[in-house]
Protein chains: 2
Amino acid sequence: MDNRSVTALRRVDLARATGCNLETIRYYETVGIMPDPPRTAKGYRSYDDAHVRRLKFVMRSRDLGFSLEEIRGLLGLVDDRSQTCAQVQTVAEAHLHDVQAKIADLTRIERVLSETVARCTGDAAPECAVIDALLEA
Amino acid sequence: MDNRSVTALRRVDLARATGCNLETIRYYETVGIMPDPPRTAKGYRSYDDAHVRRLKFVMRSRDLGFSLEEIRGLLGLVDDRSQTCAQVQTVAEAHLHDVQAKIADLTRIERVLSETVARCTGDAAPECAVIDALLEA
DNA sequence: TCTACGGTCTGTAGTTGATACAGGCTCAAG
DNA sequence: CTTGAGCCTGTATCAACTACAGACCGTAGA
């Protein structure tokens, strides 16, 4: 157990430390969300705490529904700390509006769907309120 | 203007009648959502009112957020009217629960996001509440 | 009749965000 | 020395479309 083992992480260690899927890490590297990590003599990827922090940032952003494109933007703003809070705010607000629009859409769907399902008799009969609703012009 | 023109529709006509994208119609045929239509002597697709009705059904279902897989199921129930209202109700209720779960997720995201954005100063400074929230463990 | 334009045909590639697998290599513990 | 876990690459798959490329057709106007 040498002192390298404190920070030198394998792919599976990074996955476990972040909760990210193993294959997804490689995917993030190919699409530039994560940097290409240094390699061992045998070509194995070698990660450290900075990778863990970055990937956690990505996971949290994804959790909040940011697209990879948006996350790329946020990472750029983090990497270049000369950028402004106002810029980040703009990205986050745009995303907030997206989320609110999605909620509105789903709420409309939920209303129509629950109203329609409520009209179902649940009978072993071929007449059905859901089908009728979908069939009507 | 012969009597065929009343019902014989080209691909673009079906698209316009339903609001469906031109290419999507062909896609729905390849995946079996729509039937392979009859062809003219020169191989052009020829649609009629039944196609319009079916595609409208598909569009409305999709509008309500049903997946193509679910729509395939609903179409099967419509095609075979010996199926029961109870079966349709089951599909629709399962989908309703999906929708409600998505709304719950997005509402959580919306809350976190709006709280965080509200803490932004909007300054031309590198300190930012959004970034801090994403960076913190 | 010519020409332009809009439509149609097929097959295939690209999109987003991963996930999975094949086939082979390496490493560490027992 | 074997076994099992992990690593490597490249490629295929998923949903649900969308968008070409390259060739053909059909009709309205000059």
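Chain identifiers are assigned alphabetically (A, B, ...) following the order of the sequence lines, protein sequences preceding nucleic acid strands; residue numbering begins at 1 within each chain.
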Per-nucleotide protein contact along nucleotides 8-20 of chain D, 5' to 3', at a 4.0 Å heavy-atom cut-off (B base, S sugar-phosphate only, - neither), is SBBB----BBBBB
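In this structure, I25(A) atom CD1 and dG6(D) atom C1' are separated by 13 Å, rounded to whole Å.
The footprint of chain A on DNA chain C, defined by a heavy-atom cutoff below 4.0 Å, extends from dG17(C) to dC27(C).
For I33(B) against V58(B), the heavy-atom pair with the smallest separation is CG2-CG2, 3.7 Å.
Contacts between residues 93-103 of chain B and DNA chain D, defined by a heavy-atom separation below 4.0 Å, involve no residue at all.
Listed by chain and number, the residues in a side chain to side chain contact (heavy atoms under 4.5 Å, CB included) with V52(B) are L9(B), L14(B), A17(B), T18(B), K56(B) (sequence neighbours excluded). For the side chain to side chain donor-acceptor pair (under 3.5 Å) test, no residue two or more places apart in sequence or in another chain qualifies with R108(A). Partners of R72(B) by salt bridge (charged side-chain N to carboxylate O under 4.0 Å, His left out), not counting sequence neighbours, listed by chain and number: E69(B). In this structure P35(B) satisfies the side chain to side chain contact (heavy atoms under 4.5 Å, CB included) test together with H51(B), R54(B), sequence neighbours excluded. With sequence neighbours excluded, the residues satisfying side chain to side chain contact (heavy atoms under 4.5 Å, CB included) with S46(A) are A8(A), T40(A). Residues passing the salt bridge (charged side-chain N to carboxylate O under 4.0 Å, His left out) test with E115(A), sequence neighbours excluded: none.
Hydrophobic side-chain contacts under 4.5 Å tie V12(B) into a cluster, directly or through other members, with L22(B).
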I'd like a table of donor-acceptor pairs (distance under 3.5 Å, sequence neighbours excluded) in which one partner is a side-chain atom from residues 25-32 of chain B, with atom names and distances.
| unit_1 | atom_1 | unit_2 | atom_2 | d |
| --- | --- | --- | --- | --- |
| E29(B) | OE1 | R45(B) | NE | 2.8 |
| E29(B) | OE2 | Y47(B) | OH | 2.6 |
| T30(B) | OG1 | Y27(B) | O | 2.8 |

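Taking only side-chain nitrogens and oxygens, R10(B) never comes nearer than 4.0 Å to OP1 or OP2 of dC25(D).
The list of ring pair (Phe, Tyr, Trp, His ring centres under 6.0 Å) pairs with a residue in residues 92-124 of chain A, not counting sequence neighbours, reads F66(A)-H95(A).
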